[in-house]
Amino acid sequence: EHGMRSGNVITIPNAMLLTEALINETRILAFEWKEVHFTLPAGSDWQAAESAMQTAAGSIVNEYREELRTSLREMTERFAFHPIQEEPHIFVKPLDDGKVRMWVRIALPARGIAVGADRLNRAFLQWQTGATES
């Protein structure tokens, strides 16, 4: 949809050529770039939400940043692979009804995508609760 890499590596063995595709997400790169989407109510402070989500996403990536860098370096050396950005990125888009769509693009461990997404969802809910109480 967005034309950005996900980090997935697709392997098609010769014996299965044109009959079955195999996706091995963790052969070398044990990370995938996922997007976690949020919708802010109309009138919300989208810049404060962006800052809160950048902090939360950065905190998550910091837990495995060295492993991520090593994996990206190995992918670059082994394949014709231009490294993917390791820093999380926040995208925002105004919607016609005054709401704002926000999504976080983040490298998550392939075997921990749901946990990472849950952490981002919880950070968003904490921000939202704090924002509505002020």
Side-chain angles (χ1 to χ4, degrees):
E1 177 182 327
H2 49 66
M4 300 175 101
R5 294 181 183 175
S6 67
N8 292 343
V9 175
I10 299 175
T11 304
I12 303 173
N14 289 340
M16 299 175 132
L17 190 61
L18 302 179
T19 61
E20 189 175 337
L22 244 180
I23 299 176
N24 185 348
E25 298 173 342
T26 59
R27 181 171 178 214
I28 293 173
L29 188 59
F31 297 92
E32 291 186 41
W33 278 254
K34 295 296 181 184
E35 293 178 355
V36 181
H37 295 254
F38 307 97
T39 302
L40 301 169
S44 292
D45 184 351
W46 67 267
Q47 291 168 316
E50 178 183 29
S51 178
M53 297 313 296
Q54 188 68 52
T55 299
S59 175
I60 292 168
V61 170
N62 282 339
E63 294 174 11
Y64 48 79
R65 186 176 301 278
E66 285 309 312
E67 183 183 350
L68 174 60
R69 284 182 181 158
T70 300
S71 293
L72 286 171
R73 199 169 23 255
E74 186 176 340
M75 285 291 289
T76 302
E77 292 169 1
R78 194 157 185 200
F79 300 103
F81 182 85
H82 183 72
I84 299 172
Q85 179 180 348
E86 69 183 59
E87 289 300 322
H89 188 85
I90 313 296
F91 295 90
V92 294
K93 179 180 180 181
L95 302 176
D96 291 338
D97 59 3
K99 295 177 182 176
V100 175
R101 160 108 344 136
M102 176 177 292
W103 60 101
V104 179
R105 186 168 195 273
I106 183 173
L108 293 171
R111 298 181 192 274
I113 291 169
V115 171
D118 180 64
R119 288 177 65 186
L120 286 172
N121 285 320
R122 289 170 185 272
F124 178 76
L125 291 172
Q126 286 177 334
W127 171 82
Q128 198 172 39
T129 301
T132 57
E133 291 176 357
S134 354

Residues Leu108 and Ala117: closest non-hydrogen pair is CD1-N, 4.1 Å
From Lys34 NZ over to Ile106 CD1, what is the distance, rounded to the nearest 0.5 angstrom? 12.5 Å
Kindly indicate whether the side chain of Trp127, heavy atoms from C-beta on, has any atom under 4.5 Å from the side chain of Leu40. yes
Is there a side-chain contact between Val100 and Phe38 (heavy atoms, below 4.5 Å)? no
Partners of Asp97 by side chain to side chain donor-acceptor pair (under 3.5 Å), sequence neighbours excluded? none
From OG1 (Thr39) to CZ (Phe124), nearest 0.5 Å: 7.5 Å
N/O donor-acceptor pairs under 3.5 Å from side chains in residues 48-61, not counting sequence neighbours:
| from | atom 1 | to | atom 2 | distance (Å) |
| --- | --- | --- | --- | --- |
| Gln54 | NE2 | Pro88 | O | 3.2 |
| Thr55 | OG1 | Ser51 | O | 3.0 |

Checking the side chain of Trp33 only, and the main-chain atoms of Gln85 only, is there a donor and an acceptor separated by less than 3.5 Å? yes
Rounded to the nearest 0.5 Å, what's the gap from CD on Gln128 to CG on Leu125? Could you check? 6.0 Å
Arg73 meets the salt bridge (charged side-chain N to carboxylate O under 4.0 Å, His left out) criterion, sequence neighbours left out, with none
By salt bridge (charged side-chain N to carboxylate O under 4.0 Å, His left out), Asp118 pairs with (sequence neighbours left out) Arg122
Who are the side chain to side chain donor-acceptor pair (under 3.5 Å) partners of Glu67, not counting sequence neighbours? none
Any chance you could measure Asn121, atom CG, to Arg119, atom CZ, to the nearest 0.5 Å? 12.0 Å
Pairs satisfying salt bridge (Lys or Arg N to Asp or Glu O under 4.0 Å), at least one member in residues 83-94, at least two apart: Arg65-Glu86, Arg65-Glu87, Arg69-Glu86
